[in-house]
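To start, the structure itself, in structure tokens.
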Amino acid sequence: MTLMRSEPNPTSTTPSEQRPGVVERFTLILDAITAGPDRMYLEEITDITGLPRSTVFRLLAQLIDQGWIEHRSRGYQPGPRMYTMNRAKDHSRLRGAASGILNELHASTRGVVHLTVLEGSSVYFLDRIGGAASAAIPSQVATHLPAGSTISGRVLLAGLEPERVDALMRMSPRRNSQTDLDALHCRLSRIRQRHGLDVIPRNACHMAISSVAAPITGPNGAEGAISVSCVGTVELSNIAPMVRSATRHISRALYSDGHRQSTSTKQSPRAAIGTAL
């Protein structure tokens with residue numbers, strides 16, 4: 001019997017020429033987002049990955065639904081799930097801009113002052129300035145708490161679209177019923193009506209702690225939040241404008257040209273708080 005030698009199929013492809021699998025396509029997109037600038041447009045991601053535009057758009061939508069990527073008016077950016085996976089995200093610039101004002105705010109209010117950021121469905125405590133009331137307030141630096149259960153977490157959630165809040169709550173290890181979500185959205189709506197400010201009087205807290213919180217906002221939304229917690233009887237109507245003034249001062253330090261100017265031309269943290277009294 002004569003064996004016929006088969007000729008190579010000119011239309012066959014080598015493994016390197018095959019279309020990338022689903023996991024590889026997702027990886028290409030995530031790599032492009034993490035290695036690129038802060039915001040990327042669809043066309044930029046398409047060019048970098050070499051994938052069809054329709055494929056990139058479809059996969060981006062799935063990544064947004066799962067919290068890996070966020071879409072803002074200026075493009076796509078890493079989402080909260082990516083930040084949760086990367087605990088080493090650098091907040092040194094925010095902490096540096098806030099350090100002086102946190103101490104002044106504590107000196108003026110005698111309360112415990114917190115600097116927090118949103119990481120996934122949790123709020124992360126970057127800094128804490130305490131005092132005589134410190135022992136009565138159970139918070140610790142470098143720890144996470146559910147965002148929906150803390151005053152600083154709620155002011156950060158209030159800066160997001162309701163659909164984004166729902167997505168984050170689905171990521172939370174803490175199970176939230178529909179009743180819980182409805183109650184949270186009601187609270188966030190009230191915070192938005194107060195332009196990001198939240199106030200909890202002493203009689204509304206089971207630990208008899210009064211608290212005020214406000215977000216530190218930038219061009220792309222809330223970058224963090226400041227909260228002040230006090231024990232005993234305090235006038236929250238006096239503390240609230242001080243917290244608001246502190247967050248605005250930090251925002252200016254982070255994003256205005258004044259951050260690079262000589263300190264002799266800037267308003268001091270104490271003067272900034274003083275204007276709120």
Side-chain angles (χ1 to χ4, degrees), residues 38 70 72-74 77-80 83-84 89 91-102 104-106 108-109 111-129 139 141 144-169 184-200 210-230 236-237 239-256 259 269 272-273 275-276:
D38 291 342
E70 287 184 336
R72 302 290 181 88
S73 59
R74 296 171 61 188
Q77 66 181 55
Y83 290 139
T84 302
K89 185 187 177 187
H91 295 291
S92 58
R93 188 163 176 262
L94 175 60
R95 293 188 67 183
S99 60
I101 200 72
L102 295 181
E104 296 295 343
L105 191 57
H106 165 64
S108 300
T109 64
V112 177
V113 183
H114 302 99
L115 175 66
T116 56
V117 293
L118 190 66
E119 289 193 347
S121 61
S122 301
V123 65
Y124 181 68
F125 287 79
L126 288 178
D127 213 340
R128 181 183 193 270
I129 310 297
S139 57
V141 173
H144 291 83
L145 288 175
S149 66
T150 65
I151 187 170
S152 56
R154 286 190 293 271
V155 300
L156 291 169
L157 290 174
L160 304 176
E161 299 85 357
E163 296 80 11
R164 192 77 203 95
V165 174
D166 286 338
L168 289 176
M169 292 302 102
L184 175 61
H185 281 297
C186 286
R187 296 193 71 164
L188 298 184
S189 178
R190 291 195 293 270
I191 294 171
R192 295 183 186 107
Q193 292 171 4
R194 291 192 292 266
H195 305 288
L197 187 74
D198 196 13
V199 177
I200 299 178
S210 303
S211 301
V212 179
I216 302 166
T217 57
N220 301 310
E223 298 288 343
I226 287 180
S227 65
V228 175
S229 300
C230 306
L236 293 180
S237 59
I239 295 177
M242 297 167 69
V243 174
R244 177 84 77 183
S245 177
T247 59
R248 289 172 177 168
H249 185 77
I250 295 170
S251 294
R252 286 195 298 270
L254 283 171
Y255 296 105
S256 71
H259 184 57
I273 292 178
T275 61

> Under the side chain to side chain contact (heavy atoms under 4.5 Å, CB included) criterion, do Val117 and Leu94 qualify, and how do the steps go?
Replying inline: CA-CA 10 Å; Val117 293; Leu94 175 60; 3.7 Å; yes

> Between Tyr124 and Leu145, does a side chain to side chain contact (heavy atoms under 4.5 Å, CB included) hold up when you go through it step by step?
Replying inline: CA-CA 7 Å; Tyr124 181 68; Leu145 288 175; over 6 Å; no

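Between Val112 and His106, every side-chain heavy-atom pair lies at or beyond the 4.5 Å cut-off. You'll find the side chain of Glu70 stays beyond 4.5 Å of the side chain of Pro78, heavy atoms only.
A search for side chain to side chain donor-acceptor pair (under 3.5 Å) contacts involving Arg190 returns nothing, not counting sequence neighbours. Qualifying salt bridge (Lys or Arg N to Asp or Glu O under 4.0 Å) partners for Arg187, counting only residues two or more places apart in sequence or in other chains: none. For Ser211, the side chain to side chain donor-acceptor pair (under 3.5 Å) partners are Ser229, not counting sequence neighbours. Listed by chain and number, the residues in a side chain to side chain contact (heavy atoms under 4.5 Å, CB included) with Ala214 are Leu197, Val243, Thr247 (sequence neighbours excluded). Partners of Arg95 according to the salt bridge (Lys or Arg N to Asp or Glu O under 4.0 Å) rule, which considers only residues two or more places apart in sequence or in another chain, are Asp127. For the side chain to side chain contact (heavy atoms under 4.5 Å, CB included) test, residues two or more places apart in sequence or in another chain that qualify with Ser149 are Pro146, Arg174. Evaluation of the side chain to side chain donor-acceptor pair (under 3.5 Å) rule for His195 yields no partner, not counting sequence neighbours. Evaluation of the side chain to side chain donor-acceptor pair (under 3.5 Å) rule for Ser139 yields His114, Arg128 as partners, not counting sequence neighbours. Looking at residues two or more places apart in sequence or on another chain, you find a side chain to side chain contact (heavy atoms under 4.5 Å, CB included) between Glu161 and Glu163, Arg164.
In this structure, the side chain of Ser108 engages the main chain of Glu104 through a donor-acceptor pair within 3.5 Å.
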Could you go through residues 151-159 and list every donor-acceptor pair under 3.5 Å that involves a side-chain atom there, pairing it with any protein atom two or more places apart or in another chain?
residue	atom	partner	partner atom	Å
Ser152	OG	Thr116	OG1	3.4
Arg154	NH1	Gly148	O	3.0

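One finds the CD1 atom of Ile216 at 7.0 Å from the CG atom of Leu254 (value rounded to the nearest 0.5 Å).
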